Amino acid sequence: MRTDIRPYQPDDLDGLHAALDQVAREGEHFLDFTSAPPLAALDAFYRSLAQSGWPHYVAVQGARVVGWVTAAPCPGQTRAHAATIGIGLLAEARGQGNGTRLLTAAIDHAWQIGLTRLELTVRIDNHRAIALYERLGFSTEGRMHHAMRSAAGHYTDAFLMALLAPERGLRIRL
Ligand SMILES: CC(C)(COP(=O)(O)OP(=O)(O)OC[C@H]1O[C@@H](n2cnc3c(N)ncnc32)[C@H](O)[C@@H]1OP(=O)(O)O)[C@@H](O)C(=O)NCCC(=O)NCCS
């Protein structure tokens, strides 16, 4: 089935909440949470993104939301140029280039509104996500030891990865 990538609309809230919850409930392998936040909290977060014009796209198959990407503000005046990426797709929508399309939309949008840094954390065993980020130019800036802990008490490391806007990123000389 054809998958379209388009900006999030308020009508997508229920469908996106369900998709987020489904991916979160796959376990502790992908996201920081194992169930979706309450609908009202998610709605408030998405409204704040929309009010500021920050990147928020969904992947849809007909009327069904099958994926999302957000770029959320990093708190603090000295971090106003930076955003944190969140991305996910239902299992049946993975491995078909949809993650590439979602993330590319968010990156283009981010540079257009003047952001100059996108960052994210990813479990070291999330190979598909890491492959996607590296292919789109993200570099690994560090390893966060014991960044995540499962309900059973098992720790996993995560990579901190980031992408700088092209006009800034390549001119830095240390
Ligand atoms: C991460 C995610 C968004 C990527 O989206 P996607 O549509 O599957 O990604 P794409 O198909 O665009 O690209 C994935 C790349 O990983 C590669 N890949 C797939 N499985 C892989 C694996 N097990 N190991 C390494 N690379 C893999 C693909 O070949 C592809 O690279 P290529 O296009 O150069 O061949 C998606 O898989 C997902 O939602 N995963 C669960 C939620 C999640 O992990 N979110 C990110 C948390 S940091």
Side-chain angles (χ1 to χ4, degrees), residues 1-8 12-37 41-42 45-46 49 54-75 79 82-111 115 117-152 154-164:
M1 189 173 189
R2 194 179 103 173
T3 304
D4 293 314
I5 309 296
R6 61 162 173 76
Y8 171 84
D12 295 321
L13 178 63
D14 287 335
L16 180 47
H17 184 262
L20 191 62
D21 197 54
Q22 191 169 322
V23 175
R25 286 181 190 279
E26 282 184 53
E28 294 149 340
H29 306 295
F30 299 134
L31 308 182
D32 291 345
F33 38 88
T34 53
S35 64
L42 206 60
F45 171 55
Y46 292 160
L49 291 181
W54 284 61
H56 187 186
Y57 292 84
V58 287
V60 293
Q61 293 177 348
R64 185 170 184 233
V65 178
V66 298
W68 72 89
V69 64
T70 53
C74 295
R79 302 276 287 145
T84 304
I85 291 288
I87 187 169
L89 285 156
L90 297 184
E92 62 266 32
R94 294 175 198 154
Q96 304 155 38
N98 293 323
T100 303
R101 295 165 66 205
L102 278 169
L103 190 53
T104 301
I107 293 169
D108 290 348
H109 186 142
W111 301 163
L115 295 172
R117 174 182 166 89
L118 294 174
E119 61 187 42
L120 57 88
T121 56
V122 57
R123 277 178 61 121
I124 59 166
D125 55 0
N126 194 344
H127 304 295
R128 188 195 300 248
I130 293 166
L132 167 63
Y133 303 144
E134 287 180 339
R135 187 157 40 73
L136 292 189
F138 282 74
S139 37
T140 301
E141 297 187 331
R143 181 167 178 145
M144 302 161 69
H145 298 277
H146 287 200
M148 292 158 170
R149 189 174 69 177
S150 73
H154 177 71
Y155 289 99
T156 308
D157 293 356
F159 292 126
L160 169 63
M161 301 186 75
L163 177 70
L164 301 189

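When a ligand or atom number is given, it counts from 1 through the structure's own listing order. Note that the coordinates shown come from a computational prediction; the quantities given were computed from them, not determined experimentally. Position 1 is the first residue of the sequence, and the numbers go up from there.
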Considering only protein heavy atoms, which is closest to [atom], and at what distance to one decimal place?
atom	result
atom 7 (O) of ligand 1	Gly99 N, 2.7 Å
atom 23 (N) of ligand 1	His127 CB, 4.4 Å
atom 47 (C) of ligand 1	Phe30 O, 3.4 Å
atom 39 (O) of ligand 1	Leu89 N, 2.7 Å
atom 33 (O) of ligand 1	Arg135 NH2, 3.0 Å
atom 11 (O) of ligand 1	Gly97 N, 3.0 Å
atom 40 (N) of ligand 1	Arg94 NE, 3.5 Å

Is any side-chain heavy atom of [X] less than 4.5 Å from a side-chain heavy atom of [Y]?
X	Y	answer
Pro55	Ile85	no
Arg64	Leu90	yes
Leu49	Pro73	yes
His56	His109	no
Tyr133	Leu118	no
Asp12	Arg6	yes
Arg79	Arg117	yes
Asp157	His146	yes

For Thr104, all residues meeting side-chain contact (heavy atoms from CB on, under 4.5 Å), sequence neighbours excluded: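 Partners of Thr104 by the side-chain contact (heavy atoms from CB on, under 4.5 Å) criterion, ordered by chain and then number, come out as Thr100, Asp108, Leu136.
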
Is the shortest N/O to N/O distance between [X] and ligand 1 below 3.5 Å?
X	result
Thr121	no
Leu31	no
Tyr133	no
Ala129	no
Gly95	yes

Please identify which of these residues, Tyr57, Phe45, Tyr46, meets the ring pair (Phe, Tyr, Trp, His ring centres under 6.0 Å) condition with Tyr8. Tyr46

Is there a heavy atom in Ile130 that sits closer than 4.0 Å to ligand 1? no

Ligand 1 contact by Ile87, heavy-atom criterion under 4.0 angstrom: yes

Would you confirm whether any non-hydrogen atom of the protein falls under 4.0 Å from atom 29 (O) of ligand 1? no

Test of understanding: with side chain to side chain donor-acceptor pair (under 3.5 Å), list the residues that count as partners of Gln61, not counting sequence neighbours.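 In terms of side chain to side chain donor-acceptor pair (under 3.5 Å), with neighbours along the sequence ignored, Gln61 is linked to Thr3.
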
Distance filter under 4.0 Å to [X] heavy atoms, resulting ligand 1 atoms:
X	answer
Gln96	11 (O)
Leu132	4 (C)
Asn126	43 (C), 44 (O), 47 (C)
Thr100	10 (P), 12 (O), 13 (O)
Val122	48 (S)

Run down the list Glu134, Arg101, Arg128, Glu26 and name the one with the heavy atom closest to atom 14 (C) of ligand 1. Arg128

For atom 26 (N) of ligand 1, which candidate among Ala158, Gly88, Ala131 holds the nearest heavy atom? Ala131

Side-chain (Ser150) to main-chain (Ala152) donor-acceptor, under 3.5 angstrom: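 Indeed, once roles are kept as given, a pair shorter than 3.5 Å links the two residues.
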
Quick one: does Glu26's side chain have a donor or acceptor within less than 3.5 Å of a partner on Ala24's backbone? no

